[in-house]
There are 2 protein chains.
Amino acid sequence: MKDLVSRCPIEEVMQVISGRWPSLLIYYLKQGTKRFSDLRRDNPTISHKMLTLELRKLEDAGIVERSEFEGYPLRVEYDLTPAGLKLVPLLDALGSWWDATAAGRSRGSTLPVEVTE
Amino acid sequence: MKDLVSRCPIEEVMQVISGRWPSLLIYYLKQGTKRFSDLRRDNPTISHKMLTLELRKLEDAGIVERSEFEGYPLRVEYDLTPAGLKLVPLLDALGSWWDATAAGRSRGSTLPVEVTE
DNA sequence: AGTAAATTACGCACCTTTTTGTAACCACGA
DNA sequence: TCGTGGTTACAAAAAGGTGCGTAATTTACT
């Protein structure tokens with residue numbers, strides 16, 4: 001994903017939050033400060049390479065803050081920035097929208113979805 | 001992107017609206033009914049393969065409605081569904097968020113970013 | 001009148017590009 | 001030697017592009 005210069009802010013956000021990991025990482029970081037290894041434990045199927053890449057991307061986007069502490073085994077902490085925190089409800093809104101529109105979709109899911117409308 | 005069964009609605013939405021095209025297609029469809037070739041004109045850099053794949057995905061997600069008309073050269077129309085329309089303001093909100101947090105980011109943009117720290 | 005070509009919205013096969021995974025390596029100190 | 005938080009190189013997988021084929025009918029040319 002080369003940094004194609006897009007005229008549209010929506011395109012730009014999507015470049016950052018698109019994909020499998022960003023929303024998950026934001027979700028876990030919302031719970032509070034996390035270390036690199038915490039995030040790997042939270043999400044065991046991400047490779048360490050992906051985790052570093054995605055964290056870097058979120059950091060560049062101003063969503064995540066990285067704090068490095070000197071020491072024995074290097075310690076690095078990750079947090080959501082204030083901007084990142086503001087993003088959370090927007091993602092939640094998407095999730096709610098998805099649930100709300102679930103009726104229209106064809107899913108073999110076992111969960112009976114009750115819709116009044 | 002195999003249909004990994006995710007427990008989280010946000011993950012599921014992201015699977016649908018992630019990537020370069022969905023937000024753009026939604027943007028253009030918001031302007032009203034569009035035909036396949038209209039969408040290609042709106043967005044000249046998408047290939048016909050991608051356009052069909054993405055439209056299919058949005059259709060499956062209940063965001064886009066496809067209407068096929070019998071005839072000479074086959075005619076197909078695409079529209080946002082009511083659910084799709086409800087998605088629009090959520091994407092707009094993401095765009096606004098991006099613009100609002102623009103100050104924190106490091107861009108080679110010509111706009112002078114003033115940082116106090 | 002007869003033939004050729006264009007049109008629309010794709011599907012399919014092949015090939016290239018991009019993304020992601022894997023494994024090895026780094027420094028440091030317990 | 002292990003654990004920390006990485007980087008790098010190489011390999012595998014996934015995504016995406018290109019071009020051809022298709023239907024049925026109109027239009028264009030001769």
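Here is the naming used below: chain letters follow the sequence lines, and residue numbers restart at 1 for every chain. What you see is a predicted model; the values in this text were computed from it and never measured.
With sequence neighbours excluded, the residues that form a side chain to side chain contact (heavy atoms under 4.5 Å, CB included) with B:Arg66 are B:Arg56, B:Glu59, B:Glu68, B:Val76, B:Tyr78. For A:Asp38, the salt bridge (Lys or Arg N to Asp or Glu O under 4.0 Å) partners are A:Arg41, not counting sequence neighbours.
Open room surrounds OH on B:Tyr27; 12 or fewer heavy atoms of other groups in view lie less than 6.0 Å from it.
B:Leu51 is listed as a side-chain neighbour of B:Leu39, based on a closest heavy-atom distance under 4.5 Å.
A donor-acceptor pair is defined here as one N or O able to donate and one able to accept, closer than 3.5 Å; such a pair exists between the side chain of B:Lys57 and the backbone of B:Val16.
Rounded to whole Å, the distance from CG on B:Leu51 to P on D:dT18 is 14 Å. Taking atom CD of B:Glu54 as the reference point, atom C1' of D:dA14 lies 14 Å away to the nearest angstrom. If you measure from atom CG of A:Asn43 to atom P of C:dG21, you get 11 Å, rounded to the nearest angstrom. If you take CE of B:Met50 and C1' of D:dA14, they are 11 Å apart, rounded to a whole angstrom. Between the CZ atom of A:Arg20 and the P atom of D:dA13 there is a distance of 15 Å, given to the nearest Å. B:Phe69 has its CZ atom 13 Å from the P atom of C:dC10, to the nearest Å.
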When you check every protein heavy atom under 4.0 Å of nucleotides 1-7 of chain D, what one-letter string (B, S, -) results, 5' to 3'?
---SSSB
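In terms of heavy atoms, B:Leu58 sits closest to B:Pro22 at CD2-CB, 4.3 Å.
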